[in-house]
Amino acid sequence: ALHKHLDDTNAQMMIFTSPWLLSVFSSEFPINFAGRVLDVVLSERSYAPVMRVALALLMEAQADVLALQDFEHIITFYKRNMPMWSTARLKKVLDKAVELTDISDKVLDTFALQFAAEDAKSAAAKGEEKRTTSPSSEEPTNGNNSVWY
């Protein structure tokens, strides 16, 4: 339902999720929240916790966002209202993220490969040449072919 609603209102997730992912939530959310996420990222030696937190944020906000009917209100909600959530609500998000154990480095690598393959197909259809190698094959890893560190 959320994906369809965002599509219907032309609210592209990249607009509000890019700052979350690029700064590990530190540019938008309270420092205590971002610090807890970063602690888990460093302890797991993985970027997967960031993706789990992003998904948990989207899940927690779903009812609020579905009630909004236009692009501007949705983007404002994600960029301004969510970071102002109470400590208790942000803790609920972190608790939910811990439960999302099916999002791992292996799953993220698979998504990256699928995206690269789809991007290459799209580029080929447009007559462009795109790289189709796995990001894991080019980045240093800890032995499990993870692309996230």
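Atom CZ in Phe33 sits 11.5 Å away from atom CZ in Arg89 (nearest 0.5 Å). Note: Leu66 CG to Leu6 CG = 8.0 Å, rounded to the nearest 0.5 Å. Taken from CG in Leu21 to CE in Met51, the straight-line distance is 5.5 Å, to the nearest 0.5 Å. Rounding to the nearest 0.5 angstrom, the gap separating the CD1 atom in Ile74 from the CG atom in Asn81 is 12.0 Å. Between the CG atom of Leu108 and the CD1 atom of Ile103 there is a distance of 7.0 Å, given to the nearest 0.5 Å. The structure places CG of Leu57 at 13.5 Å from CZ of Arg52, a figure rounded to the nearest 0.5 Å.
Hydrophobic clustering of Ile, Leu, Val, Met, Phe, Trp and Tyr side chains at less than 4.5 Å, counting indirect connections, keeps Tyr47 apart from Val40. In the hydrophobic cluster analysis, where Ile, Leu, Val, Met, Phe, Trp and Tyr join through side-chain heavy atoms closer than 4.5 angstrom, Leu58 is grouped together with Trp85. By the criterion of side-chain heavy atoms lying less than 4.5 angstrom apart, applied directly or through intervening Ile, Leu, Val, Met, Phe, Trp or Tyr residues, Phe111 is grouped together with Val41 in one hydrophobic cluster. If you chain together hydrophobic residues whose side chains sit under 4.5 Å apart, Leu42 and Val98 never meet in one group.
Taking 4.5 Å as the limit, some side-chain heavy atom of Val53 sits within range of a side-chain heavy atom of Leu94. Side chains of Met59 and Leu100 form a contact here, defined as non-hydrogen atoms less than 4.5 Å apart. Proximity of Met82 to Glu28: side-chain heavy atoms (C-beta onward) are nowhere separated by under 4.5 Å. A 4.5 Å side-chain heavy-atom check between Val107 and Asp102 finds every atom pair outside the cut-off.
Aromatic ring pairs are classed by plane angle as parallel below 30°, tilted from 30° to 60° and perpendicular above 60°; the pair Phe25 and Phe29 is perpendicular. Below 30°, between 30° and 60°, or above 60°: for Phe16 and Tyr78 the angle between ring planes is below 30°, a parallel geometry.
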- request: Evaluate salt bridge (Lys or Arg N to Asp or Glu O under 4.0 Å) for Lys92 paired with Glu60, printing each intermediate quantity in order.
  value: CA-CA 8 Å; Lys92 182 179 173 184; Glu60 176 66 21; 3.6 Å; yes

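Heavy-atom minimum distance, Ser46 versus Pro49: O-CD, 3.4 Å. Smallest separation of non-hydrogen atoms from Pro30 and Pro83: CD-O, 3.5 Å. When all heavy atoms of Val24 and Val50 are compared, the pair lying nearest together is CG1-CG2, 3.8 Å. Here the shortest heavy-atom pairing between Arg80 and Met84 reads O-CG, 3.1 Å. When every heavy atom of Ser27 is checked against every heavy atom of Pro19, the shortest pair comes out as OG-O, 3.5 Å.
Put simply, the side chain of Ser18 never gets that close to the backbone of Ile15: no donor and acceptor are under 3.5 Å apart. Here the side chain of His5 pairs a donor or acceptor atom with the backbone of Leu68 at under 3.5 angstrom.
In Lys106, the NZ atom is not crowded: 12 or fewer heavy atoms of neighbouring residues, nucleotides or ligands sit closer than 6.0 Å. Around atom CD of Gln114, more than 12 heavy atoms belonging to other residues, nucleotides or ligands sit under 6.0 Å away. Other residues, nucleotides and ligands contribute more than 12 heavy atoms inside 6.0 Å of the CD atom of Gln62.
Checked for salt-bridge contact, Glu99 and Lys96 meet the test: a charged N lies under 4.0 Å from a carboxylate O.
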